[in-house]
**Q** 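Can you read through this structure? Questions will come right after.
Chain letters run A, B, ... following the sequence lines, proteins first and then strands; every chain starts at 1.
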Protein chains: 2
Amino acid sequence: MSDTEIDPLRLDRMLCFAIYAAGHAFNRFYKPRLDALGLTYPQYLVLLVLWEQDGLSIKMLGERLILDSGTITPLVKRMETRGLMRRERDHEDERVVRVYLTEEGRALRQRALSIPLEVAGATDFDLDAIDQLRMALEQLREKLDAGPDDIAGPGER
Amino acid sequence: MSDTEIDPLRLDRMLCFAIYAAGHAFNRFYKPRLDALGLTYPQYLVLLVLWEQDGLSIKMLGERLILDSGTITPLVKRMETRGLMRRERDHEDERVVRVYLTEEGRALRQRALSIPLEVAGATDFDLDAIDQLRMALEQLREKLDAGPDDIAGPGER
DNA sequence: AAAATTTAGATTGCGCACAATTAAATTGTA
DNA sequence: TACAATTTAATTGTGCGCAATCTAAATTTT
């Protein structure tokens with residue numbers, strides 16, 4: 001145990017904790033803004049997806065947000081109760097449930113437009129720095145999700 | 001709405017979502033490793049703190065992990081039930097509850113040492129890249145938590 | 001067509017995460 | 001000494017997040 005050895009379990013040096021804590025900080029930052037819209041953060045994410053493409057199935061929503069049906073199903077049901085969307089079985093395939101925004105759900109988009117600007121203002125990171133950070137995190141996420149030793153490697157095949 | 005305008009609400013471009021998703025990916029990565037130790041990720045964080053400094057109060061634990069008593073109290077109680085730690089009122093100040101590791105709680109540290117190495121192996125980011133990413137996230141977290149217009153600025157004092 | 005398999009979604013159970021409230025102990029002050 | 005203000009935990013209630021399990025519908029195999 002020399003002085004030059006770095007403790008591998010120091011909280012302050014852990015990337016996972018930095019991500020965990022930054023996620024909470026984002027939540028705290030968003031909360032008052034989303035409260036004004038009557039939304040939680042995951043509900044906001046669902047709307048972001050549906051504003052891009054309405055009528056997605058529960059499964060497609062889950063793939064987009066990387067959440068499973070145990071999370072998405074009650075989440076969407078709460079949003080339906082609040083009148084933001086409507087769930088409807090696909091007549092082509094009765095297994096799939098499609099989610100359609102109501103007028104109220106679509107209307108919220110205008111009120112949400114200011115939020116990214118507030119984030120940019122609060123962090124005052126320049127756009128390049130944000131982009132770089134985001135891409136590093138996406139790369140990290142892919143590697144973590146790739147599993148042990150990248151079963152079907154990207155190189156050869 | 002020209003082609004060159006970027007939609008400010010695109011999920012794919014959102015830093016908050018990249019952080020949110022990377023946090024989940026870390027959780028998934030850690031889960032099988034922590035299951036082997038009988039721990040959840042937040043419980044692992046509590047141990048990281050106590051391995052560095054035993055006998056902390058609930059409040060100090062919460063400050064370190066940026067969590068409030070509504071999270072810490074039941075979390076620590078579950079860990080006490082599993083025999084990892086013991087809760088004890090401070091005799092100097094009966095309001096504060098101090099948390100002390102048991103022998104079993106201390107012993108887990110050895111078994112946890114391999115986890116950071118596995119993270120490093122899975123991501124194969126070099127140490128500098130990890131450090132840079134971590135510091136960017138810490139800076140981001142501070143700015144998000146600093147509140148509107150940075151009430152008591154960091155510059156002078 | 002009947003049986004086996006696959007897929008989509010819902011349900012249950014557990015553990016965070018946090019706001020809001022309450023209770024108890026300590027400190028500050030008249 | 002009283003008593004108001006502050007501090008520390010605990011409690012309650014709501015909403016994720018995910019594993020495991022279940023049901024029903026569709027697809028594939030035989």
Side-chain angles (χ1 to χ4, degrees), chain A residues 16-17 19-32 34-35 38-47 56-82 84 87-99 145, chain B residues 16-17 19-32 34-35 38-47 56-82 84 87-99 145:
Chain A
C16 61
F17 179 65
I19 291 173
Y20 174 85
H24 291 167
F26 255 119
N27 249 308
R28 283 189 293 273
F29 184 89
Y30 272 112
K31 181 135 207 324
L34 292 177
D35 277 353
L39 296 173
T40 65
Y41 180 67
Q43 289 172 6
Y44 168 71
L45 293 181
V46 168
L47 287 179
L56 289 179
S57 67
I58 297 293
K59 176 168 177 61
M60 290 186 284
L61 263 177
E63 283 172 356
R64 209 83 169 69
L65 299 177
I66 320 179
L67 296 172
D68 74 0
S69 71
T71 301
I72 300 276
T73 294
L75 183 52
V76 168
K77 281 186 174 176
R78 279 187 289 270
M79 296 176 82
E80 184 179 37
T81 300
R82 289 185 199 181
L84 300 178
R87 286 149 19 87
E88 194 174 312
R89 292 250 166 218
D90 187 324
H91 294 306
E92 305 289 303
D93 184 339
E94 291 287 338
R95 291 172 304 180
V96 345
V97 171
R98 296 193 175 279
V99 183
D145 277 336
Chain B
C16 62
F17 179 65
I19 291 173
Y20 174 85
H24 291 168
F26 254 120
N27 249 308
R28 283 188 293 271
F29 183 88
Y30 272 113
K31 183 138 205 323
L34 292 177
D35 277 353
L39 296 173
T40 65
Y41 180 67
Q43 290 173 6
Y44 169 71
L45 293 182
V46 168
L47 286 180
L56 289 179
S57 67
I58 298 293
K59 177 170 177 60
M60 290 186 284
L61 265 176
E63 283 171 357
R64 207 83 168 68
L65 300 176
I66 320 179
L67 296 172
D68 75 0
S69 70
T71 301
I72 300 276
T73 294
L75 182 54
V76 167
K77 281 184 174 177
R78 277 187 288 269
M79 296 177 82
E80 184 179 37
T81 300
R82 288 185 200 181
L84 301 178
R87 287 148 21 85
E88 195 174 312
R89 293 254 165 212
D90 187 323
H91 296 306
E92 306 289 304
D93 185 338
E94 292 287 339
R95 291 170 305 181
V96 346
V97 172
R98 295 195 175 279
V99 184
D145 277 337

**Q** Please pick, from D:dA9, C:dG9, C:dC18, the nucleotide with the shortest atom-to-atom distance to any side-chain atom of B:T73.
**A**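 So the side chain of B:T73 is nearest to D:dA9.
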**Q** Any side-chain N or O of B:Y20 below 4.0 angstrom from OP1/OP2 of D:dG17?
**A**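 Indeed, a polar side-chain atom of B:Y20 lies that close.
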**Q** Within a strict 4.5 Å, meaning less than it, do heavy atoms of the A:V99 and A:V46 side chains meet?
**A**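 They are not in side-chain contact.
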**Q** Reckon B:D68 touches a base, only the sugar-phosphate, or nothing at all at heavy-atom distances under 4.0 Å?
**A**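 Base contact - B:D68 has a heavy atom under 4.0 Å of at least one base atom.
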**Q** Whole angstrom is fine here: how far is it from CG in A:N27 over to P in C:dC18?
**A**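 Interatomic distance, CG of A:N27 to P of C:dC18: 7 Å.
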**Q** Of A:R95 and A:I66, whose closest DNA chain D nucleotide lies nearer the 5' terminus?
**A**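 That would be A:I66.
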**Q** Mapping B:H91 and B:P42 onto DNA chain C by nearest heavy atom, which one lands closer to the 5' end?
**A**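 The answer here is B:P42.
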**Q** On a heavy-atom basis, which atom in B:V76 and which in B:I58 lie closest, and how many Å separate them?
**A**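 Heavy atoms only, the tightest pair is CG2-CD1, 4.4 Å.
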**Q** Any idea which of D:dT8, D:dA10, C:dA25 is nearest the B:E94 side chain?
**A**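 Nearest nucleotide to the side chain: C:dA25.
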**Q** Measure NZ/B:K31 against C1'/C:dC14 and give the value in whole Å, please.
**A**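 Those two atoms, NZ and C1', are 10 Å apart.
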**Q** If you round to the nearest 0.5 Å, how far is CD of A:E80 from CG of A:L75?
**A**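 That separation rounds to 12.0 Å.
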**Q** Does a nitrogen or oxygen in the side chain of B:R98 sit under 4.0 Å from OP1 or OP2 of D:dT8?
**A**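 Result: no.
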**Q** Answer whether the closest heavy-atom distance between the side chains of B:M60 and B:V96 falls below 4.5 Å.
**A**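 The answer is no, as the side chains (C-beta and beyond) never meet within the 4.5 Å cut-off.
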**Q** If you compare all heavy atoms of B:I66 against all heavy atoms of A:H24, which two are closest, and at what distance to 0.1 Å?
**A**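 Heavy-atom minimum between the residues: O-ND1, 4.3 Å.
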**Q** Measure from the side-chain heavy atoms of A:V96 and tell me the nearest of C:dG9, D:dT11, D:dA25.
**A**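 Closest nucleotide among those given: C:dG9.
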**Q** Does B:S57 make a side-chain N or O approach to OP1 or OP2 of D:dA9 shorter than 4.0 Å?
**A**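 Yes, such a contact exists.
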**Q** For A:F26 and D:dC16, what is the distance between atoms CZ and P respectively, to the nearest whole Å?
**A**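 Going from CZ in A:F26 over to P in D:dC16 covers 19 Å.
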**Q** Please state whether the phosphate of D:dT11, meaning OP1 or OP2, lies under 4.0 angstrom from any side-chain nitrogen or oxygen of B:K77.
**A**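 So the side-chain polar atoms of B:K77 do come within 4.0 Å of the phosphate oxygens OP1 or OP2 of D:dT11, strictly under.
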**Q** So A:L75, base contact, sugar-phosphate only, or nothing? Heavy-atom distance under 4.0 Å.
**A**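 Contact class for A:L75: sugar-phosphate only.
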**Q** Can you tell me the distance, in whole Å, between the CG atom of B:L67 and the P atom of C:dA17?
**A**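 Result: 6 Å.
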**Q** Check if the side chain of A:S69 and the base of C:dA10 share a donor-acceptor pair of N or O atoms closer than 3.5 Å.
**A**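 Between C:dA10 and A:S69, which were checked side chain against base, a qualifying N/O pair under 3.5 Å is present.
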**Q** Evaluate the ring planes of A:Y41 and A:Y44, with Trp represented by its six-membered ring, and classify them as parallel (under 30°), tilted (30 to 60°) or perpendicular (over 60°).
**A**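 Plane angle between 30° and 60°, so tilted.
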**Q** Within the structure, does a side-chain N or O atom of A:T71 lie under 4.0 Å from either OP1 or OP2 of D:dG17?
**A**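 Result: no.
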**Q** Send over the distance from A:Q43 CD to D:dT14 P, rounded to a whole Å.
**A**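 One finds 14 Å between P of D:dT14 and CD of A:Q43, rounded.
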**Q** Give a yes/no on whether any side-chain N or O of A:R87 is located under 4.0 angstrom from OP1 or OP2 of C:dA10.
**A**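 For C:dA10, OP1/OP2 do have a side-chain N/O of A:R87 under 4.0 Å.
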**Q** Tell me whether the side-chain N/O atoms of B:T40 come closer than 4.0 Å to OP1 or OP2 in C:dC16.
**A**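 Result: yes.
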**Q** Within this structure, what is the CZ-to-C1' distance between B:R89 and C:dA24, rounded to whole angstrom?
**A**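 Atom CZ in B:R89 sits about 8 Å away from atom C1' in C:dA24.
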**Q** B:I72 CD1 to C:dG15 C1': how many Å, rounded?
**A**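 Interatomic distance, CD1 of B:I72 to C1' of C:dG15: 13 Å.
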**Q** Considering just the side-chain nitrogens and oxygens of B:R78, establish if one lies under 4.0 Å of OP1 or OP2 belonging to C:dC16.
**A**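 B:R78 to C:dC16 OP1/OP2: side-chain N or O found under 4.0 Å.
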**Q** Using atom OH of B:Y41 as one end and atom P of C:dC14 as the other, report the distance to the nearest whole Å.
**A**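 Answer to the nearest Å: 24 Å.
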